[in-house]
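In what follows, a single structure is set out as structure tokens and then discussed.
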Amino acid sequence: MEQSIITIISLIIIGIGILGTFLPVLPGLAVSFLGLILYKFVGNTDFSIWYIVIFGILTLISLVLNYIIPIKTTEKYGGSNYGKYGGFIGTIVGLFFPPLGFLIGMLLGVFLGELLHDRNDKQKALKATKGAFIGFIYGTGFNLMIGLAMFLVVIINIFNS
């Protein structure tokens with residue numbers, strides 16, 4: 001019975017993490033990973049450690065990519081270094097204004113950075129901001145897929161036990 005409760009709690013934590021991949025109020029993939037660790041080390045001893053290692057690496061990669069992808073897509077859509085740095089600074093400042101502050105801060109930072117670079121080219125600033133938003137969508141999709149994979153691996157393990 002105790003193992004069942006731990007399993008349910010683990011699944012709930014993983015689910016909260018999945019919600020957090022696209023709802024900025026919640027921490028996201030790191031929470032899902034904590035649910036996976038809880039499942040392995042408290043609830044189920046036959047769950048392979050390789051899942052922990054692989055999902056741990058993917059979680060670390062996603063944390064890095066959440067900052068790199070929007071910068072790279074900003075660049076791809078014609079953004080200058082001003083836009084990239086503006087987006088980074090806007091993201092950091094936006095973290096102090098949840099729930100959507102980091103996203104709004106990033107987009108506003110890219111836009112204002114590009115306007116600082118060239119005040120007369122609002123079209124380029126909008127295009128670079130669009131690139132940053134597309135990068136955010138890519139990163140969110142990547143996180144969502146990893147979170148869902150964690151959930152499915154646990155569900156499959158439950159049914160195979």
Side-chain angles (χ1 to χ4, degrees), residues 10-40 48-156:
S10 298
L11 287 171
I12 289 171
I13 292 171
I14 293 170
I16 290 170
I18 291 169
L19 289 175
T21 62
F22 56 89
L23 295 175
V25 179
L26 303 170
L29 202 53
V31 172
S32 289
F33 185 64
L34 289 175
L36 195 68
I37 288 173
L38 179 70
Y39 180 72
K40 164 65 180 156
S48 175
I49 191 70
W50 286 108
Y51 289 124
I52 301 298
V53 171
I54 290 167
F55 284 121
I57 291 169
L58 288 172
T59 299
L60 289 174
I61 288 170
S62 79
L63 291 173
V64 172
L65 289 180
N66 282 338
Y67 295 101
I68 293 175
I69 290 175
I71 290 170
K72 291 297 184 184
T73 54
T74 298
E75 184 180 287
K76 182 179 178 183
Y77 278 76
S80 66
N81 283 338
Y82 284 82
K84 291 188 286 186
Y85 294 134
F88 179 75
I89 292 168
T91 300
I92 301 302
V93 171
L95 291 174
F96 296 103
F97 301 98
L100 294 175
F102 80 96
L103 177 60
I104 293 168
M106 176 188 65
L107 298 175
L108 195 58
V110 169
F111 185 75
L112 293 176
E114 289 301 327
L115 287 182
L116 194 64
H117 179 257
D118 185 358
R119 184 175 297 219
N120 297 321
D121 199 352
K122 289 185 174 98
Q123 208 53 32
K124 180 181 175 190
L126 283 172
K127 190 175 175 185
T129 304
K130 176 184 172 184
F133 183 70
I134 289 170
F136 167 76
I137 296 298
Y138 286 159
T140 300
F142 181 72
N143 290 343
L144 183 60
M145 286 189 304
I146 294 170
L148 288 172
M150 287 182 198
F151 189 81
L152 290 174
V153 163
V154 171
I155 292 294
I156 289 168

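All values reported here derive from a predicted model rather than from experimental measurement. Basis for what follows: all heavy atoms, side chains included, without hydrogens, waters or symmetry-related copies.
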(request) Only pairs at least two apart or in different chains count here, so list each side chain to side chain donor-acceptor pair (under 3.5 Å) that has a residue in residues 128-140. (result)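 Not a single pair qualifies under side chain to side chain donor-acceptor pair (under 3.5 Å).
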(message) Applying side chain to side chain donor-acceptor pair (under 3.5 Å) as the test, list every pair that has at least one member in residues 91-109; sequence neighbours left out.
(response)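 Non-adjacent pairs meeting side chain to side chain donor-acceptor pair (under 3.5 Å): zero.
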I'd like a table of donor-acceptor pairs (distance under 3.5 Å, sequence neighbours excluded) in which one partner is a side-chain atom from residues 48-61, with atom names and distances.
{"residue": "Ser48", "atom": "OG", "partner": "Trp50", "partner atom": "N", "Å": "3.1"}
{"residue": "Thr59", "atom": "OG1", "partner": "Phe55", "partner atom": "O", "Å": "2.7"}

Qualifying residues under side-chain contact (heavy atoms from CB on, under 4.5 Å), relative to [X], sequence neighbours excluded:
X	value
Ile16	Ile12, Leu26, Val31
Ile68	Val64, Lys72
Leu108	Leu112
Leu148	Ile18, Leu144

If every non-hydrogen atom of [X] is compared with every non-hydrogen atom of [Y], which pair is closest and at what distance?
X	Y	answer
Pro70	Met106	CB-SD, 3.5 Å
Ala128	Gly79	CB-CA, 3.7 Å
Ala132	Leu107	CB-CD2, 4.1 Å
Ala125	Leu115	CB-CD2, 4.1 Å

Only counting residues at least two apart or in another chain, list the ones meeting side-chain hydrogen bond (donor to acceptor under 3.5 Å, both in side chains) with [X].
X	answer
Ser80	Glu114
Asn81	Lys84
Ser62	Asn143

(message) Tell me whether the count of non-hydrogen atoms from other residues, nucleotides or ligands lying under 6.0 Å of CZ in Phe111 goes above 12.
(response) yes
(message) Under the rule for ring-ring contact (aromatic ring centres under 6.0 Å, His included), what residues qualify as partners of Tyr82, not counting sequence neighbours?
(response)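 Once residues adjacent in sequence are excluded, the partners of Tyr82 under the ring-ring contact (aromatic ring centres under 6.0 Å, His included) criterion are His117.
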(message) Contact between Phe133 and Tyr77 at the side-chain level, heavy atoms closer than 4.5 Å - yes or no?
(response) no
(request) Only counting residues at least two apart or in another chain, list the ones meeting salt bridge (Lys or Arg N to Asp or Glu O under 4.0 Å) with Lys124. (result)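 By the salt bridge (Lys or Arg N to Asp or Glu O under 4.0 Å) rule, Lys124 matches no residue at all.
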(request) Please round to the nearest 0.5 Å and tell me the distance separating atom CD of Glu75 and atom OG1 of Thr73. (result) 9.5 Å
